[in-house]
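We name chains A, B, ... by the order of the sequence lines, and we start the count at 1 in each one.
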Amino acid sequence: MSAPVTSPEPAPIALPKTSESAELLKIRHSMSHVMAMAVQKLFPAARVTIGPWTENGFYYDFDNPDPFTEADLKAIKKEMGKIIGRRLPLERIAVTREEAEAKIRAQNEPYKLEILEGLQEPITLYTLGDQWWDLCAGPHVANTSELNPKAFELESVAGAYWRGDETKAQLQRIYGTAWETAEQLAEYQRRKEEALRRDHRRLGKDLDLFSIEDEAGAGLVFWHPRGARMRLLIEDFWRQTHFADGYELLYTPHVADISLWKTSGHLDFYAESMFGPMQVDEREYQLRPMNCPFHVLTYASTLRSYRELPIRWAELGTVYRYERPGVMHGLMRVRGFTQDDAHVFCLPEQIGDEILRVLNLTETILSTFDFKTYEINLSTRPEKSIGDDAVWDLATKGLIDALDRKGWSYKIDEGGGAFYGPKIDLKIEDAIGRMWQCSTIQLDFNLPERFDLNYVAADGSRQRPIMIHRAIFGSLERFFGIMTENYAGDFPFWLAPEQVRLLPVTDEVVPYAEDLLSRLKAAGIRASLDRSGDRLGKLIRTGEQQKIPVLAVIGAKEAEDHAVSLRSRRDGDLGSVAINALLEAGQEANQTRAARLNLPAA
RNA sequence: GCCGGUGUAGCUCAGGGGUAGAGCAACUGAUUCGUAAUCAGUAGGUCGUCGGUUCAAAUCCGAUCACCGGCUCCA
């Protein structure tokens with residue numbers, strides 16, 4: 001065995017976020033001023049509004065009679081380069097409200113005037129040379145010579161509303177990115193390309209996992225055989241862990257009489273997210289946007305005793321929600337999706353234990369997909385809410401108690417809960433550092449009340465149960481998209497739709513390969529045989545492009561030895577492996593949900 | 001829904017009022033080959049959809065649908 005020849009690892013280029021670097025914050029903030037100055041030079045009619053930094057750059061919103069084009073961006077960038085080259089000083093000046101107002105009026109900047117009205121003294125502005133200034137709290141670099149003209153780029157132009165309010169003026173937002181060095185900029189652009197390479201819409205098409213069909217409508221997902229096989233594996237795993245954790249599973253209808261949604265209250269506050277009702281016979285039916293009322297009805301179908309509690313019911317419940325045109329996005333935002341929904345009905349004193357169970361189950365499930373870093377938010381009682389103080393107090397303490405026992409740190413979003421109960425949200429971090437919210441645990445004091453749920457307590461009285469909603473994946477579609485991007489389509493062995501592909505070197509060995517194929521399938525290993533007749537190099541290339549975890553080369557030698565020559569996508573050449581060893585390793589990997597084959601040492 | 005952009009073969013894209021183009025993929029044949037592309041041939045499209053202008057529309061105009069980047073919203 002020879003040691004691989006490696007060139008020395010290049011030092012990784014760190015890309016600090018604005019919130020992590022005071023220097024970058026100043027650079028980006030100043031860059032937005034330079035851009036605004038450039039825009040107003042080239043487009044004198046443009047009115048300025050706000051121009052903050054973002055985590056990787058900056059933007060500035062303008063009110064301009066015409067939208068900016070790509071060509072405009074080029075011209076603006078060029079003008080910015082000139083401004084930077086003039087080494088203009090940026091100076092902070094404290095002014096009185098009256099002075100500021102006079103200056104703004106002189107320049108006819110209505111948005112700035114509106115901003116000024118909301119400001120407390122002291123009011124500051126920043127100059128940029130003697131030609132341009134902006135109402136701004138800073139901080140900024142002292143001189144444009146501190147900005148690197150080779151380390152910024154204007155990225156895109158987009159519509160945005162004044163103050164984020166869609167009833168207000170439509171503005172033109174120009175996004176840019178800025179760094180200390182050209183190398184950082186290049187690295188940032190490389191990472192953007194990496195995100196593009198991982199895009200689940202791209203991978204879903206390339207790997208033939210799913211599609212969204214124009215004819216059927218936006219936001220409706222077609223799972224192709226490969227994607228469906230993966231979804232089934234995910235669902236099987238999910239069911240297994242739920243049964244093991246004391247859940248029972250339900251199946252409930254996708255439509256129901258609209259009165260159900262009147263009782264639940266959804267018609268009052270959720271109607272605009274619902275598909276319209278449909279008339280059937282003499283009744284109106286509603287496609288469901290949520291599963292909860294169905295579980296509630298199931299609970300209410302008979303008289304419950306305190307001895308039955310906690311009741312844990314889960315369902316892979318498909319729901320339909322009306323999303324406005326233009327908001328759909330691959331699998332991440334769709335109109336029909338399946339929630340891994342569960343509801344726990346319990347006694348007040350069981351809250352802490354039940355939440356802890358959910359946290360443990362969440363960790364078990366998410367870590368199986370290699371999501372091991374979480375960010376947790378606890379949201380407490382908002383001002384407008386129902387239920388009495390004692391219940392809220394008990395419930396919130398239950399959530400905190402469970403998080404503490406789990407040993408997870410969390411942030412508290414004071415008053416961020418729903419009107420009907422406090423909640424825990426969990427975000428997962430993917431392989432390229434993006435955070436995604438999937439899991440949520442939500443206490444609900446509202447639905448039990450509305451549906452008059454109760455149980456018979458030890459003393460014979462009727463009591464109201466506590467209801468916990470929870471989802472771990474959130475939506476299977478969305479989770480599938482996130483997971484696909486996390487793995488960049490390079491799925492672990494247990495989850496890959498096609499695990500092993502047999503590559504015959506010549507036609508002579510095809511019968512042997514056929515026999516091996518049926519043995520692999522009988523062992524529950526998802527295998528195929530490439531019958532294209534292409535040369536080995538081409539077969540390997542195709543297999544690698546389709547991201548098949550294990551390629552098994554079969555030539556005369558292998559047929560003779562009852563072996564295969566394995567090539568692992570993750571580990572490279574694994575050499576010759578006996579068929580029995582492959583069968584065993586494949587079965588074991590499937591049982592243990594392993595990322596790779598564990599082969600006996602040769 | 002709003003702002004901007006884009007819809008041409010399965011995929012990536014070129015063309016731009018007058019007979020629809022390439023590469024890859026597919027299919028067929030030859031080759032029987034050892035770790036990321038063998039060679040040759042064949043087939044494939046009412047140019048997203050509907051309407052208008054024109055002798056003539058894939059091309060110009062309008063509407064509509066979908067997608068892309070954002071805004072708003074959100075699992």
Side-chain angles (χ1 to χ4, degrees), chain A residues 54 59 61 63-64 66-70 72-73 155-175 196 199 201-202 205-206 208 211-220 270 272-273 289-291 317 319 321-341 425 436-440 442 469 471-482 503-510 532-546 551-558 565-569 572-576:
Chain A
T54 63
Y59 67 81
D61 286 348
D63 188 352
N64 194 49
D66 299 307
F68 298 113
T69 65
E70 294 293 315
D72 292 339
L73 287 195
E155 301 187 283
S156 63
V157 53
Y161 300 104
W162 171 234
R163 306 230 143 140
D165 182 340
E166 62 182 313
T167 64
K168 295 192 168 148
Q170 177 87 41
L171 307 173
Q172 299 291 320
R173 172 171 303 176
I174 301 177
Y175 282 95
L196 209 63
D199 192 312
R201 294 167 298 184
R202 175 84 259 159
K205 191 176 252 183
D206 288 350
D208 196 19
S211 66
I212 290 165
E213 300 295 328
D214 242 29
E215 270 184 88
L220 302 170
Y270 206 72
E272 62 186 35
S273 296
M290 294 187 172
N291 306 302
V319 298
R321 295 184 185 173
Y322 173 74
E323 296 288 353
R324 301 154 94 190
V327 304
M328 265 76 75
H329 182 92
L331 295 179
M332 304 295 196
R333 187 87 178 271
V334 292
R335 280 180 171 164
F337 60 100
T338 302
Q339 295 180 308
D340 67 316
D341 215 352
D425 291 321
W436 303 91
Q437 199 211 307
C438 296
S439 315
T440 171
Q442 172 95 58
H469 306 256
I472 292 170
F473 295 137
S475 132
L476 276 175
E477 285 75 6
R478 187 173 132 91
F479 183 79
F480 191 89
I482 294 167
L503 311 181
V505 178
T506 66
D507 286 347
E508 257 95 84
V509 297
V510 167
S532 68
D534 287 324
R535 293 188 182 175
L536 184 60
K538 181 63 181 293
L539 301 186
I540 286 173
R541 180 178 154 85
T542 307
E544 289 289 347
Q545 281 178 335
Q546 294 177 7
L551 299 176
V553 175
I554 300 171
K557 255 188 314 198
E558 286 78 10
S565 223
L566 290 189
R567 181 187 157 110
S568 153
R569 190 165 159 76
D573 192 356
L574 300 178
S576 180

Integer angstrom distance from the [atom1] of [N] to that of [M]:
{"N": "G7(B)", "M": "A63(B)", "atom1": "C1'", "value": "16 Å"}
{"N": "G29(B)", "M": "C68(B)", "atom1": "P", "value": "40 Å"}
{"N": "G15(B)", "M": "A20(B)", "atom1": "C1'", "value": "9 Å"}
{"N": "C39(B)", "M": "U32(B)", "atom1": "C1'", "value": "14 Å"}
{"N": "G44(B)", "M": "C27(B)", "atom1": "C1'", "value": "10 Å"}
{"N": "A22(B)", "M": "C61(B)", "atom1": "C1'", "value": "31 Å"}
{"N": "A58(B)", "M": "U46(B)", "atom1": "C1'", "value": "10 Å"}
{"N": "A56(B)", "M": "C60(B)", "atom1": "C1'", "value": "13 Å"}

Nearest to the side chain of [X], which nucleotide is it out of [options]?
{"X": "Ala218(A)", "options": "G1(B), A37(B), A66(B)", "value": "A66(B)"}
{"X": "Lys538(A)", "options": "A25(B), U72(B), G69(B)", "value": "A25(B)"}
{"X": "Glu544(A)", "options": "G34(B), A25(B), A36(B)", "value": "A36(B)"}
{"X": "Arg333(A)", "options": "G34(B), C74(B), C71(B)", "value": "C74(B)"}
{"X": "Ser475(A)", "options": "A75(B), C68(B), A66(B)", "value": "A75(B)"}
{"X": "Arg535(A)", "options": "U35(B), A75(B), U31(B)", "value": "U31(B)"}
{"X": "Thr506(A)", "options": "A75(B), G69(B), U32(B)", "value": "U32(B)"}
{"X": "Gln170(A)", "options": "C2(B), G1(B), G69(B)", "value": "C2(B)"}
{"X": "Arg541(A)", "options": "A36(B), A75(B), G70(B)", "value": "A36(B)"}
{"X": "Arg478(A)", "options": "G70(B), A75(B), U35(B)", "value": "A75(B)"}

Please report, rounded to the nearest Å, how far the [atom2] atom of [N] is from the [atom1] atom of [X].
{"X": "His329(A)", "N": "C68(B)", "atom1": "NE2", "atom2": "P", "value": "7 Å"}
{"X": "Leu503(A)", "N": "U35(B)", "atom1": "CG", "atom2": "P", "value": "12 Å"}
{"X": "Phe68(A)", "N": "G4(B)", "atom1": "CZ", "atom2": "C1'", "value": "12 Å"}
{"X": "Phe337(A)", "N": "C74(B)", "atom1": "CZ", "atom2": "P", "value": "13 Å"}
{"X": "Leu331(A)", "N": "C67(B)", "atom1": "CG", "atom2": "P", "value": "12 Å"}
{"X": "Asp214(A)", "N": "C68(B)", "atom1": "CG", "atom2": "P", "value": "11 Å"}
{"X": "Tyr161(A)", "N": "C73(B)", "atom1": "OH", "atom2": "P", "value": "10 Å"}
{"X": "Gln545(A)", "N": "A25(B)", "atom1": "CD", "atom2": "P", "value": "9 Å"}

For [X], answer base if it contacts any base atom (sugar-phosphate contacts may also be present), sugar-phosphate if it contacts only those atoms, and nothing otherwise; contact means non-hydrogen atoms under 4.0 Å.
{"X": "Gly537(A)", "answer": "sugar-phosphate"}
{"X": "Val334(A)", "answer": "base"}
{"X": "Ser565(A)", "answer": "base"}
{"X": "Gly533(A)", "answer": "base"}
{"X": "Glu477(A)", "answer": "nothing"}
{"X": "Arg202(A)", "answer": "sugar-phosphate"}
{"X": "Glu558(A)", "answer": "base"}
{"X": "Gln437(A)", "answer": "sugar-phosphate"}
{"X": "Ala471(A)", "answer": "nothing"}
{"X": "Lys557(A)", "answer": "base"}
{"X": "Phe473(A)", "answer": "nothing"}

* Do Asp61(A) and Gln172(A) get their side chains close enough for a donor-acceptor pair, meaning under 3.5 Å? -> no

Has the side chain of [X] got a donor or acceptor atom that lies under 3.5 Å from a matching backbone atom of [Y]?
{"X": "Asp63(A)", "Y": "Leu171(A)", "result": "no"}
{"X": "Arg173(A)", "Y": "Ala160(A)", "result": "no"}
{"X": "Asn291(A)", "Y": "Asp341(A)", "result": "no"}
{"X": "Arg478(A)", "Y": "Arg333(A)", "result": "no"}

* **Strand RNA chain B as a dot-bracket string - pairs counted if Watson-Crick or G-U with both distances under 3.5 Å, | where the partner lies in another strand** => ((((((((.[[[[.)..(..]]]].(((((.......))))).....[[[[[..)....]]]]])))))))....

* Note, Met332(A) side chain near Glu477(A) side chain (heavy atom, < 4.5 Å) ->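 Counting from C-beta outward, Met332(A) and Glu477(A) never come under 4.5 Å.
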
* Asked: Is it the case that more than 12 heavy atoms not belonging to Glu213(A) sit under 6.0 Å from its CD atom?
  ->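 Atom CD in Glu213(A) is crowded, with more than 12 foreign heavy atoms closer than 6.0 Å.
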
* **Polar side-chain contact Arg335(A)-A75(B) base: donor and acceptor under 3.5 Å** =>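 Answer is no: no donor-acceptor pair is held.
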
* Asked: Between the side-chain atoms of Asp573(A) and the base atoms of U35(B), is any donor-acceptor pair under 3.5 Å?
  -> no

* Asked: Checking side-chain contact (heavy atoms from CB on, under 4.5 Å) for the pair Phe68(A)/Ile174(A): CA distance, chi angles, key distance, verdict?
  -> CA-CA 8 Å; Phe68(A) 298 113; Ile174(A) 301 177; 3.8 Å; yes

* To do: Could you point out which residue of Ile554(A), Asp534(A), Ile540(A) forms a side-chain contact (heavy atoms from CB on, under 4.5 Å) with Leu503(A)?
  => Ile540(A)

* Should Tyr322(A) and Ser273(A) be marked as a side-chain contact (heavy atoms from CB on, under 4.5 Å) after you check the CA-CA gap, both sets of side-chain angles, and the distance that decides it? -> CA-CA 5 Å; Tyr322(A) 173 74; Ser273(A) 296; 5.6 Å; no

* To do: Would you indicate, yes or no, if C2(B) has its OP1 or OP2 atom less than 4.0 angstrom from a side-chain nitrogen or oxygen of Arg324(A)?
  => no

* Asked: According to a strict under-4.0 Å criterion, is Tyr175(A) in side-chain N/O contact with OP1 or OP2 of C3(B)?
  -> no

* 5′-ward residue of the pair Arg567(A)/Val157(A) relative to RNA chain B -> Arg567(A)

* Asked: For RNA chain B, whose closest nucleotide is more 5', that of Val553(A) or that of Ile212(A)?
  -> Val553(A)

* Candidate pair Phe479(A) and Cys438(A), rule side-chain contact (heavy atoms from CB on, under 4.5 Å), full reasoning -> CA-CA 7 Å; Phe479(A) 183 79; Cys438(A) 296; 4.3 Å; yes

